[in-house]
2 protein chains.
Amino acid sequence: MSDAVDLVLAQWGRERPDVDVWPMGIVGRISRLSRLLDIRLKEFFAEHDLERWEFDVMATLRRSGPPYELTAGALNRAAMITSGAITNRIDRMAKRGLVERVPDETDRRSVRVRLTERGWETVEKLVGPHTENEALLLAALGPRERDRLAGTLRDLLESLGDTSLD
Amino acid sequence: MSDAVDLVLAQWGRERPDVDVWPMGIVGRISRLSRLLDIRLKEFFAEHDLERWEFDVMATLRRSGPPYELTAGALNRAAMITSGAITNRIDRMAKRGLVERVPDETDRRSVRVRLTERGWETVEKLVGPHTENEALLLAALGPRERDRLAGTLRDLLESLGDTSLD
DNA sequence: CACAGTTATCTCAACGTTGAGATTATCAAT
DNA sequence: ATTGATAATCTCAACGTTGAGATAACTGTG
């Protein structure tokens, strides 16, 4: 079997046999996979009247444990977006009553973002179905392959200096 | 060793031990890797006064072989973007003299986008360095791992119905 | 205690994509 | 030939992110 990326590699092989373009076989596939998965996840959350990023923000808060709050900075590092974008997202989620801004007592520059009751329930209801949906999207992989793939991807992430969250 | 995603998995394990969130170990990493690679590639092309998508469009035309032209539709399928976006991109690249619009004789609805001499030279000059740069980003992988990873990712892409290009 | 440097968040203009609708052309069937 | 359905591209308003700058607060040094 072959996919869109195999075609790319074959074309380069024909047009520029002097260049070994093997890296495209990996970078290209990661890029395309990411986009395809985005689309599928978007569809899933749309069924629940939610944006994917809204779930991501809430899930980040939920899994951080009680009291289910983090600074705005921690959230934008986790989401890998800029500060302007996280301000915008928090604004909209606050309007929907999914999170609330809480002043930080120790550092008054900081804003703590806390999951509301409603936000908590939303995550609680969806973690299971969301995970099952992702499992379905990855159904092509056997248990062995899953572990090996996860391990390889982790090595890559580390080598690229993926910065962890708080 | 552990990365940002390992932390996510550990947190879920603590907060919701009843849910097996293994899929996040793969989906999350693909997503983060895609973003990190984007940033690195963007830096590379910036050094050559080029946007990444500009190179992608030109490379798609270049590797399709003589006469180095494709329809706008083929290009937006290859880039996985919408029709509005490809129109915009072609406009800007045409202004920079990297591609030109050519009327399609057989189908007058179509527009054929052709690589100009200047565009051709740009790709020709950069394919090698770009590929070497990507190889550097993937240096953490051994030859064996590379092949296995590429194969696994291809299986996933196919199972998700990745639509090929023309 | 004051100063300089750093950090956290918010503001906002510029920019690019999306997605629906408009336009023009092709194709299939009658 | 004509009609209806489909297809290719372009247009454009709405929307979200980026990235630089503004503001306010913290930190450590002298």
query: Does the pair A/E69/A/R112 count as a salt bridge with the N-to-O cut at 4.0 Å?
result: yes
- request: Classify the side-chain pair B/N133/B/T131 by whether it contains a donor and acceptor separated by less than 3.5 Å.
  value: no
- prompt: Checking all strands, does B/A85 fall into the base, sugar-phosphate, or nothing category for heavy-atom contacts under 4.0 angstrom?
  reply: base
- line: Winner on side-chain proximity to B/S110, out of D/dC10, C/dT9, D/dT9, is D/dT9
task: For A/T82 and for B/I86, locate the closest nucleotide of DNA chain D by heavy-atom distance; then report the residue assigned to the nucleotide nearer the 5' terminus.
output: B/I86
task: For the side chain of A/T71, starting at C-beta, report the closest nucleotide among C/dT9, C/dT18, C/dA25.
output: C/dT9
- prompt: If you check every side-chain atom of B/V111, which of D/dT9, D/dT17, D/dA25 has the closest atom?
  reply: D/dT9
- request: Indicate, with a heavy-atom threshold strictly under 4.0 Å, whether B/N88 touches base, sugar-phosphate, or nothing.
  value: base
message: Under 4.0 Å, counting only non-hydrogen atoms across every strand here, what does B/R101 touch: a base, just sugar-phosphate, or nothing?
response: sugar-phosphate
task: Name the nucleic acid region contacted by A/R92, choosing base, sugar-phosphate or nothing; use a 4.0 angstrom heavy-atom cut-off, strictly under.
output: sugar-phosphate
field: Presence of salt bridge, A/R89 and A/D56, under 4.0 angstrom
entry: no
- line: Out of C/dA25, D/dT9, C/dC10, minimum distance to the side chain of A/T87 belongs to C/dC10
message: If you assign A/R109 and A/W53 each to the DNA chain D nucleotide with the nearest heavy atom, which residue ends up on the more 5' nucleotide?
response: A/W53
- line: The residue, A/A72 or A/R35, whose nearest nucleotide of DNA chain C is more 5′ is A/A72
Of the listed nucleotides D/dT9, D/dA20, C/dT18, the one nearest the side chain of A/S83: D/dA20
message: I'd like to know if A/R16 pairs up with B/E124 as an ion pair, taking the criterion as any Lys NZ or Arg NE/NH1/NH2 lying under 4.0 Å from an Asp or Glu carboxylate oxygen.
response: yes
